[in-house]
Every structure is written in structure tokens, then in C-alpha cells.
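To keep things clear, I will list the structure first and then write my remarks on it.
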Amino acid sequence: MQVKFSKTRISITFPFAAVVTFMLLLCEEEIVLISVFSSLFHELGHLFFMLLFKAEPSLIVFGAFGIRIERESSELLSYKKEALIASGGIFANGLLSLCGVFIYIAFNSLFGAKLFAVNFFIAAFNMLPVRLLDCGRCLECVFGAMLSLEKSERLLTVISYMTVAVITLLCVIYNIFVGFNISFIAVCLYIILVTTLKE
């Protein structure tokens, strides 16, 4: 399904609906709703900086692997602006995490604890130095400002695969010695996928 808002097309795919439905079957409904809302708020963080720097989005896709925003133009902004756009989602989830802490303390509400936990996880996940995640895109900007394109790409590739190796090792150790954890396995597979897709 596609709708158009101003110059921006919004596409909601069947895999996205399937993933949300699958989550509803496995998880508590409130957690799923918080997760979807937090993911949307994450993308709004990116969108805020895009609009601030006049980099209008052309397409917003709700897919199996999350929400993706494509720009009106492939022309890059300055490294500083690109890094801010990349980190906008982390800032947004950090803000919601603080809101969750406030709600929990002020109202002794379990909703606040859930809001904090979900947004803390999304922010921490995107802070992994892996290609296509927010931190990886920030590092790409930092390396691009200091090194040649070839060296920058090579360094980011090495860091991404080292991170994947560490996460995979931790996942294996956890599942062997602590117990089977489908969420940890799913996160591990996702990181492997987004890293190898770039290659």
C-alpha cells in the first residue's frame, strides 16, 4: 500500500504487517505497540535533521527489517550534517527513554519502565558500529572526513565484521550456557544480514 504526503511517498509493505503480526503472537500487545511507536519516533529523529538541512525525503518504506527513509537527492551534505542525520534516531530514542524514566518515577507506572526498556534497546542497538546502522553511518562520515574513500570503506568493513564476530560469539555462548533465546538469535541474524548486504 502506498500513499503520498506532499512530495513524499509512504509505502507500507506486506512483510512489515507480517512482522508486526508475528510480534503480536509472541509478545505482549503493549510492548509491540511501544516498539512500533518507538521505531516511528526513531525515524522522526532522522527526519527532523533531514528537514532542518533541507534534505527532503522522497520515500518512507515500512519493510520487514524496519522503517527506511530515502532522500529526494543522492547528493551528500557535509560530513557533519550527514552524521547528525544518522544520529537523529538515537537522540530521539534517548529522549523517549528519559520520558519513560520520568513516567516510572512520577507515576510508578510499569508503562514508563517498558517505554524506557524498548527505547534503550533500540538506541543501544543502533549504536553498534555496523554498516547500515546509525553508528556505522556516523563512523562512515567521520572516516570520510579524515581518510580517503578507499581507506574509509576498508576500515568500516573491518570494524563491522569484528562487531558481528563478537555479537555472534556472545550469542552462541549465551544460548549454550544460559539458555535458548530467540530474541538474541534474531538480533544476531539481523546484524549479520545488514552487514553482508552491503557487501
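Scope of the values below: all heavy atoms of this structure, side chains included, with no hydrogens, waters or symmetry mates.
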**OP:** Specify the closest pair of heavy atoms between I85 and H46, including all atoms of both residues, with the distance to one decimal.
**Re:** O-ND1, 2.6 Å

Subject >> Straight-line distance of L33 CG to E28 CD, nearest 0.5 Å >> reply: 9.5 Å

Original post:
Which is it for F48 and F91 under the ring-ring contact (aromatic ring centres under 6.0 Å, His included) test, yes or no, and what are the steps along the way?
Top reply: CA-CA 11 Å; F48 171 79; F91 291 146; 10.0 Å; no

Original post:
What is the distance from atom CZ of F49 to atom CG of L84, rounded to the nearest 0.5 Å?
Top reply: 5.5 Å

Subject >> ILVMFWY network linking F37 to F116, side-chain heavy atoms under 4.5 angstrom >> reply: no

**OP:** Quick one: sort the F107 and F102 rings into parallel, tilted or perpendicular, breaks at 30° and 60°.
**Re:** perpendicular

**OP:** For atom CE of M162, decide whether the heavy atoms of other residues, nucleotides or ligands shown that lie under 6.0 angstrom number more than 12.
**Re:** no

Subject >> N119 and its side-chain hydrogen bond (donor to acceptor under 3.5 Å, both in side chains) partner, picked from S38, S39, S35, S97 >> reply: S38

**OP:** Return yes if some donor-acceptor pair links the side-chain N/O of H42 with the main-chain N/O of G89 below 3.5 Å, else return no.
**Re:** yes

**OP:** Kindly give the heavy-atom pair with the smallest separation between L51 and P57, and that separation in Å.
**Re:** CD2-CD, 4.0 Å

Original post:
Hey, is CZ on F125 packed in by over 12 heavy atoms from elsewhere, all under 6.0 Å?
Top reply: yes

Original post:
Please walk me through it: do K151 and L155 pass side-chain contact (heavy atoms from CB on, under 4.5 Å)?
Top reply: CA-CA 6 Å; K151 288 182 179 178; L155 182 56; over 6 Å; no

**OP:** Taking the side chain as every heavy atom from C-beta outward, state whether F143 and I159 have any pair of such atoms under 4.5 Å apart.
**Re:** yes

Original post:
Should L139 and M127 be counted in the same cluster of Ile, Leu, Val, Met, Phe, Trp and Tyr side chains packed under 4.5 Å apart?
Top reply: no

Original post:
Is the side chain of S87 donor-acceptor paired with the backbone N or O of I90 at a distance under 3.5 Å, no angle test?
Top reply: no

**OP:** Can you see which heavy atom on F180 is nearest to which on I185, and at what distance?
**Re:** CE1-CD1, 3.3 Å

Subject >> side-chain contact (heavy atoms from CB on, under 4.5 Å) assessment of F184 paired with L170 >> reply: CA-CA 9 Å; F184 202 166; L170 290 174; 4.1 Å; yes

Subject >> S160 side chain to R131 backbone, donor-acceptor under 3.5 Å >> reply: yes

**OP:** Can you measure from OG1 (T163) to CD1 (I191) and round to the nearest 0.5 angstrom?
**Re:** 8.5 Å

**OP:** Keeping the roles fixed (side chain from N175, backbone from N181), state whether a donor-acceptor pair exists under 3.5 Å.
**Re:** yes

Subject >> hydrophobic_cluster_shared for I167 and L132, side chain cutoff 4.5 Å >> reply: yes

**OP:** Decide whether L169 and F177 are clustered together by the hydrophobic rule: side chain heavy atoms of Ile, Leu, Val, Met, Phe, Trp, Tyr closer than 4.5 Å, transitively.
**Re:** yes

Original post:
Can you hop from M50 to F53 via hydrophobic side chains spaced under 4.5 Å?
Top reply: yes

Subject >> Nearest atoms (heavy-atom pairs only) where E82 meets L77 >> reply: OE2-N, 2.9 Å

Original post:
Could you state the interatomic distance from CZ (F121) to CG (N126), rounded to the nearest 0.5 Å?
Top reply: 9.0 Å

**OP:** Measure the spacing between CG of L149 and CZ of R154 and express it to the nearest 0.5 Å.
**Re:** 10.5 Å

Subject >> Smallest separation among heavy atoms of F111 and E30, with atom names >> reply: CD1-OE2, 3.3 Å

Subject >> NZ-CD1 distance between K114 and I103, expressed to the nearest 0.5 angstrom >> reply: 12.5 Å

Original post:
Are L133 and Y190 close enough that some pair of their side-chain heavy atoms sits under 4.5 Å apart?
Top reply: yes

Subject >> Shortest non-hydrogen contact from A83 toward C141 >> reply: N-SG, 3.6 Å

